[in-house]
Amino acid sequence: MLTRKNKLLLLKLLSLFSVVRGYNILMIALAQYLAAVYILAHHLPVRKVIFDLNLFLIVVASALVIASGYIINNFYDAEKDLINKPRKSMLDRLVSQRFKLTTYFILNFLAVFAASYVSFRAVLFFSAYIFGIWFYSHKLKRIPFIGNFVSATLSIAPFFAVFVYYKNFENVIFVHAMFLFLLILIREMVKDLENIAGDLAQNYKTIPIIYGHRFSKYCISLLVALTIIPALLLIEYFDVGYMYIYFLGCVVLLIIFLIMLWKAHTKLHYVGLHNILKLIIIVGVFSILLIDVNMILNRFQQWNII
């Protein structure tokens, strides 16, 4: 039986996990490793990639910076989230703002420390990444278009770190990156529609607030059309193994998304649209395995699983 003190401690740990969105960080770390094995360093033996200490430290540094980014974003958005996400905000508030800021600085220090074992360039990259997240949370997120663009750019930065490490400049990587970037940019614009009540209360100058819902939907529709282009390019012109099935499914889902977008007019509708985009991104992470199915089957055979 848990004591009152232990229950409070457990709730605070859950609160901190909620603030840093631990499930997102785990997914990004997995995506970095899968991208390294199947896309960025596919020419290297799997064991060499998985047990590469430098890659591990890059993933750790990325996770620490992302966690600190969620903390500073939560710090600046505390009042807005009380309106947009009241239940989550009540859980997040179990951890004091002072403790959040202390954790923020500790995580950033540890990230730079981990990066220092890789190279001086890695230290510069993650230092710039930390500054970029803070500047976005403090200033840029209130600026329409620029805030959305910077947020999407910061979201794919962890993959850029792995890309720079392996120095792989194949065209297929840029097309994958463009597909992911556009998906995240669409998600950011849908979030603006979803969170309009809190943004209005806190005087955020987002696209739907300044230009209206209809203009936002036109912008999102254009981005969806642009996102379908790299998906079709990856299906038609690049060898992505069985992952072409995923991209075909994305095209269908994005068309359904567009139809739902123009029928949406409540917060609940926009939450549903946001969840569709999250589903596409999460399934995309695991679909990387489809690029080389034989590699997986060979591993299972070696482990006598099949």
Side-chain angles (χ1 to χ4, degrees), residues 20-68 107 110-126 129 155-181 183-184 230 234-235 237-247 249-250 280-306:
V20 302
R21 300 183 195 179
Y23 44 87
N24 280 359
I25 294 172
L26 290 172
M27 191 60 63
I28 291 169
L30 176 63
Q32 283 177 293
Y33 265 105
L34 290 176
V37 171
Y38 288 91
I39 301 173
L40 297 167
H42 59 86
H43 55 286
L44 296 176
V46 177
R47 183 180 294 273
K48 188 173 182 179
V49 177
I50 292 176
F51 294 103
D52 185 339
L53 178 60
N54 285 342
L55 175 61
F56 173 74
L57 291 171
I58 288 171
V59 172
V60 168
S62 299
L64 292 170
V65 174
I66 293 166
S68 73
L107 291 176
L110 291 174
V112 174
F113 183 72
S116 69
Y117 277 84
V118 180
S119 68
F120 181 67
R121 284 188 301 174
V123 171
L124 290 178
F125 174 84
F126 283 103
Y129 191 24
S155 295
I156 66 168
F159 301 99
F160 183 75
V162 181
F163 160 74
V164 171
Y165 175 63
Y166 285 111
K167 298 175 182 174
N168 188 333
F169 301 102
E170 294 177 15
N171 291 333
V172 66
I173 292 168
F174 292 101
V175 181
H176 270 284
M178 184 54 64
F179 175 78
L180 178 60
F181 174 80
L183 270 181
I184 294 172
L234 287 164
I235 293 168
Y237 296 104
F238 296 99
D239 181 11
V240 292
Y242 288 102
M243 197 180 180
Y244 80 90
I245 298 169
Y246 164 74
F247 290 114
C250 284
I280 291 173
I281 293 170
I282 291 170
V283 172
V285 171
F286 294 101
S287 295
I288 295 173
L289 293 166
L290 298 175
I291 292 176
D292 191 348
V293 175
N294 289 329
M295 183 190 296
I296 305 167
L297 294 176
N298 289 338
R299 289 291 168 187
F300 282 163
Q301 287 173 350
Q302 288 174 14
W303 298 334
N304 295 319
I305 295 176
I306 60 174

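For Phe238, the CZ atom is densely surrounded, since the number of other residues' heavy atoms within 6.0 Å is greater than 12. The environment of CZ in Phe174 is crowded: more than 12 heavy-atom neighbours from other residues, nucleotides or ligands sit within 6.0 Å.
Between Ala35 and Ile288, the closest heavy-atom pair is N-CD1, 4.3 Å. Residues Val59 and Ala29 approach most closely at CG1-CB, 3.7 Å, considering heavy atoms. Between Asn54 and Val118, the shortest heavy-atom contact is O-CG2, 3.8 Å. Closest heavy-atom contact between Ala115 and Ala122: O-CB, 3.6 Å. Scanning both residues, Ala63 and Ile25, for their nearest heavy atoms gives CB-CG2, 3.5 Å.
Of the inter-residue distances, the one linking Met27 atom CE with Tyr23 atom OH reads 11.0 Å to the nearest 0.5 angstrom. One distance of note links OG of Ser119 with CD1 of Ile58; it measures 7.5 Å at 0.5 Å rounding. Of the inter-residue distances, the one linking Ser155 atom OG with Ile28 atom CD1 reads 7.5 Å to the nearest 0.5 angstrom. To the nearest 0.5 Å, the span separating OG on Ser62 from CG on Leu57 amounts to 10.5 Å. In this structure, Tyr242 OH and Ile291 CD1 are separated by 14.0 Å, a value rounded to the nearest 0.5 Å.
Residues that satisfy the side chain to side chain donor-acceptor pair (under 3.5 Å) test with Asn168, not counting sequence neighbours, are absent from this structure. Listed by chain and residue number, Ala41, Val49, Tyr166 satisfy the side chain to side chain contact (heavy atoms under 4.5 Å, CB included) test with Leu44 (two or more places apart in sequence, or in another chain). Judged as a side chain to side chain contact (heavy atoms under 4.5 Å, CB included), and not counting sequence neighbours, the contacts of Ile50 are Val37, Val46. Residues passing the side chain to side chain contact (heavy atoms under 4.5 Å, CB included) test with Phe179, sequence neighbours excluded: Leu183, Thr227, Pro230, Ala231, Tyr246, Phe247, Cys250. Applying the ring pair (Phe, Tyr, Trp, His ring centres under 6.0 Å) test to Phe56 and every residue at least two apart in sequence or in another chain returns nothing.
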- Task: Verify side chain to side chain contact (heavy atoms under 4.5 Å, CB included) between Leu290 and Tyr38, making sure each step is shown before the conclusion.
- Result: CA-CA 9 Å; Leu290 298 175; Tyr38 288 91; over 6 Å; no

- Going through the distances and angles, do Ile66 and Tyr129 end up as a side chain to side chain contact (heavy atoms under 4.5 Å, CB included)? CA-CA 9 Å; Ile66 293 166; Tyr129 191 24; 3.9 Å; yes

- Message: For a side chain to side chain contact (heavy atoms under 4.5 Å, CB included) check, start with the C-alpha distance between Leu234 and Met243, then their side-chain angles and the critical distance, and finish with the verdict.
- Response: CA-CA 9 Å; Leu234 287 164; Met243 197 180 180; over 6 Å; no

Show me, pair by pair, the donor-acceptor contacts under 3.5 angstrom made by side chains of residues 156-165, not counting sequence neighbours?
{"residue": "Tyr165", "atom": "OH", "partner": "Asp52", "partner atom": "OD1", "Å": "3.2"}
{"residue": "Tyr165", "atom": "OH", "partner": "Asp52", "partner atom": "OD2", "Å": "2.8"}

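The shortest distance between side-chain heavy atoms of His176 and Ile39 falls below 4.5 Å. Side-chain contact between Leu55 and Tyr33: present, with at least one pair of heavy atoms (C-beta onward) separated by less than 4.5 Å.
For the pair Asp239 (side chain) and Gly241 (backbone), a donor-acceptor distance under 3.5 Å is present.
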